[in-house]
Amino acid sequence: MRGRTPRWRWIVAGGGALLAIAALGAALAWTAIFDSVLASQLALSPGSRSYRDWVAPSMPLYFEVYLYNWTNAENFPLEKPNLVQLGPYRFREYRRHVNITWHPHNGSVSYRNLKSWHFDPTSNGTLQDNITTLNVIAASAVYRSRFWGFFQQKGLSMGLAMFGQHISVSKLARELLFEGYEDSLLELAKSLPPSTTGGAPPIDRFGWFYERNNSLDNDGYLEVTTGQVRGTLPGQIVRWNHEDHLPFYEGECAKLSGSAGEFMSRSLDEDSQLEMFIPELCRTVAMDYEESGEHAGLMYHKYGISRSSFDNSSVSSNNACFCNGACAWGGVMNVSACRFGSPSFLSLPHFLHGDPELRDMVTGMEPDPEKHSFYFAVEPRLGVPLDVAARFQLNIYLEPNPNVALYENVPRMLFPVFWVQQRVLIDETVAVELAMVRSILDWGATVCAGAALAFATVAALATCFPKKKHKVDLAAEKLKEDELKLNPM
Ligand SMILES: *[C@@H]1O[C@H](CO)[C@@H](O)[C@H](O)[C@H]1NC(C)=O
Ligand SMILES: *[C@@H]1O[C@H](CO)[C@@H](O)[C@H](O)[C@H]1NC(C)=O
Ligand SMILES: *[C@@H]1O[C@H](CO)[C@@H](O)[C@H](O)[C@H]1NC(C)=O
Ligand SMILES: *[C@@H]1O[C@H](CO)[C@@H](O)[C@H](O)[C@H]1NC(C)=O
Ligand SMILES: *[C@@H]1O[C@H](CO)[C@@H](O)[C@H](O)[C@H]1NC(C)=O
Ligand SMILES: *[C@@H]1O[C@H](CO)[C@@H](O)[C@H](O)[C@H]1NC(C)=O
Ligand SMILES: *[C@@H]1O[C@H](CO)[C@@H](O)[C@H](O)[C@H]1NC(C)=O
């Protein structure tokens, strides 16, 4: 019996060797294994964990609006408009994806965004604030008339005077935002053929977010990837309003791509750009790497709208096809085509990164990258956004029109009306969870390598030193005897 290796040793040795090989394999292929597990966890499918948070984000969201009060409207255009920022008017936002339809054969899912807003009393100001701003209804009417003949323009000029239209209006914050206000020009527009209103549906009230509350039409009909197809990311836009391109622009600019906001690439580095489809802008924006840092114990790369993301051809020729006409000023985006031909231009708040000429035409613009930039700070290996600041300013384009008395002497300019901000910071518990996932990624290979070493040692011990174990057994028995002698019970 003594000379033979017992069977159990062979089993231990064989098992140890197999486990060692498996652990070594896992150590070497760790990143690939991790990525494929993560990809399967993140993929959107009915009932998956990422699906639940995608349908209705559990994080509290806030939508904040800053309105500019025009304090010297009566002296326009002799004096530059003086704009005093009011707000934030803060709204708690509830957001849900609805009308979800799965398209398994092309790996996509389509939905609409349903959003509702509730005024938050922590706002700096109330909805009863009386605010003076540009008369946007008149400005749009004049803008739309720019290609009309002389007599039609004169007719509009008389109409504006008859209906008592001024260059500015004074309204309450709630009317300017969600509630809307009535206006005689809107009544008139209802009786005009749609061609004169740029195809805009007739409305009975005007407010910046009028009829947006609980509406399914805020962001349109979106179709995104589910990430179930190997090697694809979830949440990347494939169609918008049933189209696979943007109807407003030509060439490269018509391309529809990028993240719809929830899922980002999982291999972001300093040279990458972050592509985001932004429905408000009706386009995809490529954000540039800005800096790296740490938030809630997690590393991030920050990508932001830079001077070139929005700029005209003089800085970035890629953007020329977005101008839709003369590339007027740098750092602004002509969104007229996707707003029924209204003279709307979007920029960063306070014309941050914009042409200095824009700031010069008004007083009160104080751009500050801390407060006014647009960025996504993303954990680069997991592709999870940790800190997001989405900010836009809406501006109305004005230009002189010699045939319309009200607009005879206005300068050619962009008139800032309001800006909005949405800040989302990852919450503590999610951050802790992510930090754990990240350390599994970072240490998994090391742990597997350690395990491989341990199993290999066990296997080696079991095969190479069969007798040592026996001696140890004898020694242990001797020890027990000694103990008994020391402690006679
Ligand atoms: C806005 O400006 C007007 C004119 O200067 C002023 O009367 C009004 O009180 C201001 N509104 C707020 C809410 O400060
Ligand atoms: C609140 O609004 C006033 C102007 O109406 C402004 O002076 C003040 O800085 C604002 N406070 C905050 C915390 O934003
Ligand atoms: C879309 O969702 C809304 C809200 O959940 C619902 O009222 C509506 O009937 C849905 N429409 C379709 C076509 O499913
Ligand atoms: C995916 O399939 C649906 C039909 O189930 C179709 O309507 C949709 O256009 C397809 N999307 C793409 C990108 O092919
Ligand atoms: C939006 O609609 C909800 C009801 O669904 C209402 O309680 C809320 O006050 C509305 N928000 C605004 C800003 O009007
Ligand atoms: C707002 O203020 C203007 C004057 O600045 C005034 O004519 C108007 O009646 C006020 N609106 C309300 C609803 O108080
Ligand atoms: C903005 O775009 C519209 C159409 O997309 C175009 O007609 C208009 O001329 C552009 N405005 C300016 C100021 O370039």
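We're numbering straight along the sequence, starting at 1. Remember, it's 1-based here, ligands and their atoms both numbered in the order they're listed. Here the structure is a predicted model, which is why all the values come from computation and not from measurement.
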- Report the nearest protein non-hydrogen atom to atom 11 (N) of ligand 5: residue, atom name, distance rounded to 0.1 Å. Trp117 O, 2.6 Å

- Among Val384, Leu274, Val388, Asp387, whose side-chain contact (heavy atoms from CB on, under 4.5 Å) with Val378 holds? Leu274

- Message: Side chain or backbone, does Ser116 bring an N or O within less than 3.5 Å of an N or O on ligand 5?
- Response: no

- Which residue supplies the protein heavy atom nearest to atom 1 (C) of ligand 6, what is that atom called, and how far is it? Asn130 ND2, 1.4 Å

- Shortest protein contact, atom 7 (O) of ligand 5 (heavy atom only): His118 CE1, 3.4 Å

- Message: Yes or no: does Arg412 have any heavy atom under 4.0 Å from an atom of ligand 7?
- Response: no

- Message: Below 4.0 angstrom, counting only protein heavy atoms, does anything approach atom 14 (O) of ligand 6?
- Response: yes

- Message: Please determine whether any non-hydrogen atom of Phe248 lies less than 4.0 Å from an atom of ligand 7.
- Response: no

- For atom 9 (O) of ligand 6, is the nearest protein heavy atom closer than 4.0 Å? no

- Item | Student check: side-chain heavy atoms of Pro46 and Trp102 closer than 4.5 Å | yes

- Message: Can you give me the closest heavy-atom contact between Gln153 and Arg146, atom names plus distance?
- Response: NE2-O, 3.6 Å

- Message: To check you understand the geometry: which heavy-atom pair defines the closest contact between Leu186 and Ile203, and what is its length?
- Response: CB-O, 3.9 Å

- Query: Would you say Phe178 contacts ligand 5, with heavy atoms under 4.0 Å as the rule?
  - Reply: yes

- With Arg412 as the cation and Trp329 as the aromatic partner, state whether NZ or CZ is under 6.0 Å from the six-membered ring centre and within 45° of the axis. yes

- Looking only at heavy atoms, is any part of Tyr143 under 4.0 Å from ligand 7, and if so is it the side chain, the backbone, or both, or is it neither? side chain

- Message: I'd like to check whether Arg146 has a polar contact with ligand 7, where a contact means an N/O of the residue lying under 3.5 Å from an N/O of the ligand.
- Response: yes

- Side chain, backbone, both or neither: which part of Met333 has a heavy atom under 4.0 Å from ligand 7? neither

- Nitrogen or oxygen of Thr132 less than 3.5 angstrom from that of ligand 6: no

- Message: Strictly below 4.0 Å, N to O, side chains only: are Asp183 and Arg205 in salt-bridge contact?
- Response: no

- Heavy-atom side-chain contact between Phe277 and Val224 under 4.5 Å: no

- Considering only heavy atoms, does Phe147 approach ligand 7 within less than 4.0 Å through its side chain, its backbone, both, or neither? neither

- Asp217 bridged to Arg112 by N-O distance under 4.0 Å: yes

- Below 4.0 angstrom, N of the basic side chain to O of the carboxylate: do Arg174 and Asp129 qualify? no

- Item | Closest protein heavy atom to atom 2 (O) of ligand 5, given as residue, atom name and distance to 0.1 Å | Asn213 ND2, 2.4 Å

- Item | Which of the ligand 5 atoms, numbered from 1, are nearer than 4.0 Å to a heavy atom of Asn214 | 1 (C), 2 (O), 3 (C), 4 (C), 5 (O)

- Answer yes or no: is there a side-chain heavy-atom contact under 4.5 Å between Val109 and Trp54? yes

- Message: Check for me whether Arg49 meets the cation-pi criterion with Tyr51, that is, NZ or CZ under 6.0 Å from the six-membered ring centre and within 45 degrees of the ring axis.
- Response: no

- Item | side chain to side chain donor-acceptor pair (under 3.5 Å) assessment of Ser306 paired with Asp288 | CA-CA 7 Å; Ser306 64; Asp288 293 318; 2.8 Å; yes

- Looking only at heavy atoms, is any part of Tyr397 under 4.0 Å from ligand 7, and if so is it the side chain, the backbone, or both, or is it neither? side chain

- Query: Starting from atom 5 (O) of ligand 6, which protein heavy atom do you reach first, and at what distance in Å?
  - Reply: Ser170 OG, 4.2 Å

- Task: Using a strict 4.0 Å cut-off to heavy atoms of Leu172, name the atoms of ligand 6 that fall inside it.
- Result: 13 (C)

